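Starting from 1, each residue takes its place in the sequence as its number. Remember, it's 1-based here, ligands and their atoms both numbered in the order they're listed. None of these values were measured; they are calculated from a predicted model.
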Amino acid sequence: MKVGIFDSGIGGLTVLKEMISTHPKAHYIYYGDTKNLPYGNKTKEELKICSDNIINFLIKKDVDLIIIACGTISSNIYEEIKDKYGVKIVDVINPTIDYIKKNNLTKVGILGTYMTVDSKVFENRLTDVKQVACPKFVPAIESGKSVDEYAKEYLEQLKTCENIVLGCTHYPLIIDTLKKYKNVNFINMGKCIAEIIDFNNEVDLQVDLYFSKVDENLKHNVKQIVGEFEIKEI
Ligand code: DGL
């Protein structure tokens with residue numbers, strides 16, 4: 001089984017990490033579009049162009065399944081692209097909403113990119129939801145800067161929430177900082193999808209990592225998140 005996973009950068013690695021831990025016997029092909037990040041403020045048309053390039057790249061690599069490991073693409077254009085390519089494509093938002101419903105979670109807060117919040121994907125399908133757009137997080141996470149000040153500012157707006165969705169796949173990378181300011185149940189979308197996805201686990205683990213722009217900082221981040229795998233720039 002070959003599984004393609006993609007995101008704007010290192011965020012989707014949080015999904016890859018959960019997939020490896022739950023489904024270790026698969027061949028994963030990851031693409032991080034570091035040259036074009038952040039995706040969180042792009043228009044739907046721009047998101048379609050970026051995802052089209054990546055999906056075609058993954059299809060050429062012969063993947064059997066593609067996981068959109070990006071909240072922004074999942075919430076804005078998933079319905080439009082899911083049946084377009086002749087390969088099964090799944091997103092990270094639907095499994096997260098299903099998880100919230102299944103567990104009857106209330107007082108739900110959403111931290112997400114500007115475009116994810118603007119799509120109202122959570123608001124439209126759940127009751128008792130409060131959303132906060134966090135545009136300062138992704139650039140800081142990718143460049144390894146402190147997010148303390150921003151975490152405080154954003155979480156201040158979710159005072160009454162008992163469950164908070166990490167609505168962008170980059171945010172599990174700053175979970176320790178988030179917990180410092182609000183110790184509630186944080187929901188990791190990577191975990192939600194890894195738990196429900198089902199496929200034949202039949203090959204030894206293989207992980208191929210591709211990024212559109214690679215530098216030393218990226219190599220360091222990747223190693224911290226998923227360990228030592230070869231990284232190719234393409
Ligand atoms: N990690 C992505 C998401 O889940 C993209 C964030 C960004 O590039 O702004 O939304």
Side-chain angles (χ1 to χ4, degrees), residues 4-19 30-55 58 66-81 89-97 99 109-123 131-145 147 150-151 154 164-175 177-178 186-194 209-215 217-218 221-222 224-226:
I5 300 184
F6 75 94
D7 180 40
S8 64
I10 56 173
L13 294 174
T14 63
V15 178
L16 174 65
K17 190 176 165 190
E18 298 301 333
M19 287 299 294
Y30 183 86
Y31 192 95
D33 195 7
T34 33
K35 202 170 166 182
N36 293 307
L37 74 81
Y39 279 3
N41 309 318
K42 289 200 186 319
T43 63
K44 283 191 189 194
E45 281 318 306
E46 289 169 330
L47 292 174
K48 271 187 220 161
I49 294 168
C50 292
S51 59
D52 187 59
N53 286 335
I54 302 170
I55 291 170
L58 293 171
I66 294 178
I67 301 176
I68 303 174
C70 171
T72 306
I73 293 193
S74 298
S75 57
N76 282 280
I77 57 168
Y78 176 60
E79 289 304 321
E80 282 171 70
I81 65 172
I89 302 180
V90 295
D91 76 311
V92 284
I93 301 280
N94 281 301
T96 306
I97 290 178
Y99 169 86
I110 312 289
L111 296 174
T113 65
Y114 172 74
M115 279 301 277
T116 295
V117 165
D118 193 55
S119 78
K120 295 194 166 52
V121 70
F122 289 100
E123 240 176 30
Q131 308 191 93
V132 178
C134 317
K136 293 173 192 158
F137 272 160
V138 169
I141 294 169
E142 288 279 344
S143 57
K145 296 204 180 99
V147 293
Y150 311 141
Y154 296 142
I164 296 183
V165 176
L166 302 170
C168 163
T169 53
H170 278 75
Y171 303 168
L173 300 172
I174 52 164
I175 188 66
T177 308
L178 294 170
F186 284 98
I187 301 163
N188 178 334
M189 299 196 293
K191 277 201 170 71
C192 296
I193 184 149
L209 302 175
Y210 296 91
F211 287 86
S212 48
K213 190 172 144 218
V214 177
D215 58 21
N217 177 48
L218 177 84
N221 286 339
V222 171
Q224 296 288 315
I225 304 164
V226 284

- prompt: Any sub-3.5 Å donor-acceptor pair from Lys42's side-chain atoms to Lys48's backbone N or O?
  reply: no
- prompt: Between the side chain of Asn76 and the main-chain N/O of Thr72, is any donor-acceptor distance below 3.5 Å?
  reply: yes
- request: Quick one: sort the Phe211 and Tyr30 rings into parallel, tilted or perpendicular, breaks at 30° and 60°.
  value: tilted
message: Tell me whether Asn94 contacts the main-chain N or O of Ile97 through its side chain, where contact means a donor paired with an acceptor under 3.5 Å.
response: no
message: Tell me which one of Thr113, Asp7, Asp33, Thr116 satisfies side-chain hydrogen bond (donor to acceptor under 3.5 Å, both in side chains) with Tyr39.
response: Asp33
task: Taking the six-membered ring for Trp and the full ring for Phe, Tyr or His, determine whether the centres of Tyr154 and Phe137 are under 6.0 Å apart.
output: yes
Expected rows: ligand 1 N/O, protein N/O, dist below 3.5 Å:
{"from": "ligand 1", "atom 1": "1 (N)", "to": "Asp7", "atom 2": "OD1", "distance (Å)": "3.0"}
{"from": "ligand 1", "atom 1": "1 (N)", "to": "Asp7", "atom 2": "OD2", "distance (Å)": "3.2"}
{"from": "ligand 1", "atom 1": "1 (N)", "to": "Thr169", "atom 2": "OG1", "distance (Å)": "2.9"}
{"from": "ligand 1", "atom 1": "1 (N)", "to": "His170", "atom 2": "ND1", "distance (Å)": "2.8"}
{"from": "ligand 1", "atom 1": "4 (O)", "to": "Gly71", "atom 2": "N", "distance (Å)": "2.6"}
{"from": "ligand 1", "atom 1": "4 (O)", "to": "Thr169", "atom 2": "N", "distance (Å)": "2.9"}
{"from": "ligand 1", "atom 1": "4 (O)", "to": "Thr169", "atom 2": "OG1", "distance (Å)": "3.3"}
{"from": "ligand 1", "atom 1": "8 (O)", "to": "Ser8", "atom 2": "OG", "distance (Å)": "2.6"}
{"from": "ligand 1", "atom 1": "8 (O)", "to": "Tyr39", "atom 2": "N", "distance (Å)": "2.7"}
{"from": "ligand 1", "atom 1": "9 (O)", "to": "Tyr39", "atom 2": "N", "distance (Å)": "3.2"}
{"from": "ligand 1", "atom 1": "9 (O)", "to": "Gly40", "atom 2": "N", "distance (Å)": "2.8"}
{"from": "ligand 1", "atom 1": "10 (O)", "to": "Gly71", "atom 2": "N", "distance (Å)": "3.4"}
{"from": "ligand 1", "atom 1": "10 (O)", "to": "Thr72", "atom 2": "N", "distance (Å)": "3.0"}
{"from": "ligand 1", "atom 1": "10 (O)", "to": "Thr72", "atom 2": "OG1", "distance (Å)": "2.6"}

